[in-house]
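This report refers to the structure that appears directly beneath it.
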Amino acid sequence: MLNESKYGNTKLVAEKIIEGMKEVGGIETVLSEIKEVDLIKIADYDAILIGSPNHWGGPTRGIKKFIDKLGNLPLKGKLFAVFDTYIKKDFEKAVKKMEKQINEEAPGLKMIAPGLSIRVQGIKGPVSEGELPKCKEFGNKIATQIKI
Ligand SMILES: Cc1cc2nc3c(=O)[nH]c(=O)nc-3n(C[C@H](O)[C@H](O)[C@H](O)COP(=O)(O)O)c2cc1C
């Protein structure tokens, strides 16, 4: 699981998704900051989850650059899902853009489930009430799908 997080909200979402995945059990997870990811290792995993804060209506530049590179890796048949954090009314905007970009750049990757979009209260957060349980549920769903 990869994420970029300036104020920690997207990272918290990633951690809660992992908690949800662990509840299902039987899956090994690795959480990395996008800047620290070793591209070569991506091909070793069965599934890749990418999380980004919404910056100006889409994913961060770092995430976009990363997705651009996925097309060069042997990822055919592997799984992906995305998640974002946003404020106010930009629900799913970054998620939809990431999904579109992944489909274009790495068409061999198969979507595990539609992306998760989590609302935060302001630029620095915190995550809005009632949102964190959705992250765990998403983790449950993702882990169950990976195991099928
Ligand atoms: C430079 C910048 C631009 C942003 N633009 C948007 C935006 O267009 N729409 C939106 O909903 N949130 C926007 N936000 C709010 C972020 O989505 C919010 O700060 C994010 O959830 C924080 O995640 P992080 O703690 O992981 O960095 C922006 C935040 C920053 C710092």
Side-chain angles (χ1 to χ4, degrees), residues 1-25 27-73 75 78-106 109-146:
M1 178 166 329
L2 316 162
N3 81 110
E4 181 157 43
S5 188
K6 196 170 174 187
Y7 301 111
N9 296 286
T10 313
K11 187 173 180 207
L12 178 62
V13 170
E15 287 165 351
K16 291 288 167 194
I17 294 172
I18 287 177
E19 268 182 49
M21 291 174 76
K22 291 211 165 121
E23 278 176 3
V24 174
I27 291 180
E28 201 185 315
T29 56
V30 179
L31 174 60
S32 306
E33 275 288 314
I34 200 87
K35 291 184 193 87
E36 292 159 11
V37 171
D38 183 353
L39 260 188
I40 304 292
K41 286 210 180 127
I42 300 285
D44 293 344
Y45 303 121
D46 298 321
I48 165 175
L49 270 72
I50 304 176
S52 176
N54 180 316
H55 278 187
W56 314 119
T60 63
R61 201 175 333 141
I63 296 286
K64 282 189 265 187
K65 277 192 187 162
F66 175 81
I67 294 174
D68 269 341
K69 293 180 196 153
L70 289 180
N72 301 324
L73 301 173
L75 302 175
K78 292 182 184 287
L79 304 170
F80 83 93
V82 299
F83 54 98
D84 73 17
T85 55
Y86 72 99
I87 47 176
K88 291 181 192 145
K89 57 185 173 15
D90 275 349
F91 175 67
E92 284 189 349
K93 271 201 182 161
V95 149
K96 293 290 175 215
K97 286 187 179 169
M98 286 189 276
E99 286 172 349
K100 181 167 182 281
Q101 195 192 350
I102 292 170
N103 284 329
E104 285 166 4
E105 300 295 335
L109 277 174
K110 286 192 289 188
M111 191 158 84
I112 311 170
L116 175 74
S117 195
I118 292 295
R119 186 171 168 153
V120 303
Q121 281 176 32
I123 297 248
K124 294 184 182 172
V127 173
S128 300
E129 222 185 304
E131 294 288 89
L132 288 179
K134 295 182 193 169
C135 306
K136 267 197 169 187
E137 264 170 48
F138 186 71
N140 282 175
K141 183 161 77 175
I142 295 288
T144 308
Q145 284 298 117
I146 291 173

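In each ligand, atom 1 is the first atom listed, and ligand 1 is the first ligand listed.
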> When you look for heavy atoms under 4.0 Å from ligand 1, do you find them on the side chain of V120, its backbone, both, or neither?
Replying inline: side chain

> So is K88 in contact with ligand 1, going by heavy-atom distances below 4.0 Å?
Replying inline: no

> Quick one: which ligand 1 atoms are inside 4.0 Å of a heavy atom on T85?
Replying inline: 17 (O), 20 (C), 21 (O), 23 (O)

> Hey, are E4 and K35 close enough for a salt bridge, meaning a charged N less than 4.0 Å from a carboxylate O?
Replying inline: yes

> What residue and heavy atom of the protein are closest to atom 12 (N) of ligand 1, and at what distance?
Replying inline: I87 CG1, 3.1 Å

> What residue and heavy atom of the protein are closest to atom 9 (N) of ligand 1, and at what distance?
Replying inline: D90 OD2, 2.6 Å

>> Considering non-hydrogen atoms of the protein only, which is the closest contact for atom 1 (C) of ligand 1, and what is the distance?
In response: W56 CZ2, 3.6 Å

>> Can you tell me how far apart CD1 (I50) and CD (E99) are? Round to the nearest 0.5 Å.
In response: 10.5 Å

> Short list, please: which atoms of ligand 1 are under 4.0 Å from a heavy atom of G57?
Replying inline: 7 (C), 8 (O)

> Atom NZ in K78, atom CD1 in I48: separation rounded to 0.5 Å?
Replying inline: 10.0 Å

> In the protein, what heavy atom is nearest to atom 14 (N) of ligand 1, and what distance, to one decimal place, separates them?
Replying inline: N54 O, 3.1 Å

>> Please confirm whether G125 approaches ligand 1 to less than 4.0 Å, judged on its heavy atoms.
In response: no

> Which of the atoms of ligand 1 are close to T10, meaning less than 4.0 Å from one of its heavy atoms?
Replying inline: 23 (O), 24 (P), 26 (O)

>> Quick check on contacts: which atoms of ligand 1 are under 4.0 angstrom from a heavy atom of K6?
In response: 24 (P), 26 (O), 27 (O)

> How close does the nearest protein non-hydrogen atom get to atom 19 (O) of ligand 1, and which residue and atom is it?
Replying inline: I123 O, 2.4 Å

>> Heavy atom to atom 26 (O) of ligand 1, shortest distance: which of S117, A94, S5 holds it?
In response: S5

>> Using a 3.5 Å cut-off on N or O atoms only, is K124 in polar contact with ligand 1?
In response: no

> What protein heavy atom sits nearest atom 2 (C) of ligand 1, and how far away is it?
Replying inline: H55 CD2, 3.6 Å

